[in-house]
Amino acid sequence: MAVFKSIYNAYKTILTNHPLKTQAVQASALMGFGDLISQAVIEKKPCDIERTVRYGSVGLFIGPTLQTWFGLLEKQIGRGGFKKLVIKVSIDQCCFAPCFLAIVVSLVNTAQGKSLEETKNKLKTNYFDILMANYMLWPWVQLTNFSIVPLAYRVPVVQMVAVSWNMYLSWKLNADKPSSSNEPPVILPD
């Protein structure tokens, strides 16, 4: 138990002293991890490390963006009370999420070397499905996150949940054919 406490204290110190850098590295690692799981478990193909590095590199942008966004919400709306909680989640999901998802999809495609036309096509064919999947998961996560998690730990909470989200997003953005289904393929035992 002392080892975990020591690791937690070291993490807390790094997060306090270097919040944006820590969130960048953390988000990058967890996005890459989600992509690896997507390749190995959902897509059942050999891992493409280059793809994972490119996908994970987008996290360098995501972590600091979320940290800044959560800080802005906290500063502008404050903390405490059900009304403020609902306002924060509503703004997060109605204003931030749609724009942020479009940017993330575009960044992932750019990082993968896709052309502007391919990126537009990926947005056209997948954006609505991704946004609807977002609305099935993230409002619930953010209700919990904004109500009980201290500001400094909101991005890590989001990133832990995002391992599963990143598996879905990676699968959705790397599928060979556009899909109108929000569900990844069913994986049957061999």
Self-check item: Val158 vs Arg154, side-chain contact (heavy atoms from CB on, under 4.5 Å): CA-CA, chis, key distance, verdict
Solution: CA-CA 6 Å; Val158 164; Arg154 289 183 188 160; 5.6 Å; no
Quiz item: Under a single-linkage definition using a 4.5 Å side-chain heavy-atom cutoff for Ile, Leu, Val, Met, Phe, Trp and Tyr, are Phe70 and Leu20 assigned to the same hydrophobic cluster?
Solution: no
Quiz prompt | ILVMFWY cluster, Ile148 and Leu85 together (side-chain gap under 4.5 Å) | solution = no
Exercise. Only pairs at least two apart or in different chains count here, so list each salt bridge (Lys or Arg N to Asp or Glu O under 4.0 Å) that has a residue in residues 48-68.
Key: Asp35-Arg51, Glu43-Arg51, Glu50-Arg54
Quiz prompt | Expected output: side-chain Asn17 to main-chain Thr13 donor-acceptor under 3.5 Å | solution = yes
Quiz item: So how far is it from Leu173 CG to Tyr168 OH, rounded to the nearest 0.5 Å?
Solution: 8.5 Å
Practice problem: Any side chain to side chain donor-acceptor pair (under 3.5 Å) involving residues 79-95? Give me the pairs, sequence neighbours left out, ordered by first then second residue. | Solution: Trp69-Asp92, Glu74-Lys88, Asp92-Gln142, Gln93-Asn134
Exercise. Would you please test Ile49 and Leu36 for side-chain contact (heavy atoms from CB on, under 4.5 Å) and show each step?
Key: CA-CA 8 Å; Ile49 298 300; Leu36 282 173; 4.1 Å; yes
Quiz prompt | Leu15 side chain near Gln26 side chain, heavy-atom distance below 4.5 Å | solution = no
Practice problem: Enter the distance from Ile87:CD1 to Phe82:CZ here, rounded to the nearest 0.5 Å. | Solution: 10.5 Å
Quiz prompt | Other residues, nucleotides, ligands: >12 heavy atoms within 6.0 Å of Phe146 CZ | solution = yes
Quiz item: Taking the side chain from Ser6 and the backbone from Ala2, do they hold a donor-acceptor pair closer than 3.5 Å?
Solution: no
Quiz prompt | Summary of salt bridge (Lys or Arg N to Asp or Glu O under 4.0 Å) pairs that have at least one residue in residues 109-120, sequence neighbours excluded | solution = none
Quiz item: So if you build clusters from Ile, Leu, Val, Met, Phe, Trp, Tyr with side-chain heavy-atom gaps below 4.5 Å, do Val53 and Met31 land together?
Solution: no
Quiz prompt | Val25 to Leu60 - nearest heavy-atom pair and separation | solution = N-CD2, 4.5 Å
Self-check item: Minimum heavy-atom distance between Tyr135 and Trp140, given as atom pair plus value
Solution: O-NE1, 4.4 Å
Self-check item: Donor-acceptor pair between Tyr55 and Gln39 side chains, under 3.5 angstrom
Solution: no
Quiz item: Would you find a donor on one side and an acceptor on the other, under 3.5 Å apart, between the side chain of Lys172 and the backbone of Asn126?
Solution: no
Quiz item: When rounded to the nearest 0.5 angstrom, what distance separates CG in Asn174 from CD1 in Ile42?
Solution: 11.0 Å
Quiz item: Is a side-chain donor or acceptor of Thr68 paired with a backbone partner of Pro64 at a separation under 3.5 angstrom?
Solution: yes
Self-check item: From Gln112 atom CD to Ser57 atom OG, the distance as rounded to the nearest 0.5 Å
Solution: 9.0 Å
Exercise. Kindly indicate, with the supporting measurements, whether the criterion side-chain contact (heavy atoms from CB on, under 4.5 Å) is fulfilled by Val104 and Leu169.
Key: CA-CA 10 Å; Val104 169; Leu169 195 57; 4.0 Å; yes
Practice problem: Mind checking side chain to side chain contact (heavy atoms under 4.5 Å, CB included) for Pro19 and listing every partner two or more places apart, or none if nothing turns up? | Solution: Gln67
Quiz item: Which of these, Val58, Thr119, Leu123, sits in a side-chain contact (heavy atoms from CB on, under 4.5 Å) with Val105?
Solution: Leu123
Quiz item: Can Tyr8 be reached from Phe4 by stepping across I, L, V, M, F, W or Y side chains whose heavy atoms are under 4.5 Å apart?
Solution: no
Quiz item: What residues form a side chain to side chain contact (heavy atoms under 4.5 Å, CB included) with Ala40, not counting sequence neighbours?
Solution: Cys47
Practice problem: Indicate the atoms forming the closest heavy-atom contact of Cys94 with Pro98, along with that distance. | Solution: O-CG, 3.5 Å
Quiz item: How long is the span from the CD1 atom in Ile62 to the CD1 atom in Ile103, to the nearest 0.5 Å?
Solution: 10.0 Å
Quiz prompt | Worked verdict on Val41 versus Trp171 for side-chain contact (heavy atoms from CB on, under 4.5 Å) | solution = CA-CA 10 Å; Val41 177; Trp171 164 75; over 6 Å; no
Quiz item: Quick one: do Val163 and Val149 end up in the same hydrophobic cluster if we chain Ile, Leu, Val, Met, Phe, Trp and Tyr together by side-chain heavy atoms under 4.5 Å apart?
Solution: no
Exercise. Report the residues that fulfil side chain to side chain contact (heavy atoms under 4.5 Å, CB included) with Thr65, sequence neighbours left out, ordered by chain and then residue number.
Key: Phe61, Phe96, Phe100
Quiz item: Atom CG in Asn9, atom OH in Tyr11: separation rounded to 0.5 Å?
Solution: 13.0 Å
Quiz item: Thr16 side chain to Lys12 main-chain N or O, any donor-acceptor pair under 3.5 Å?
Solution: yes
Quiz item: So do the side chains of Thr144 and Val157 get within less than 4.5 Å of each other, counting heavy atoms only?
Solution: no
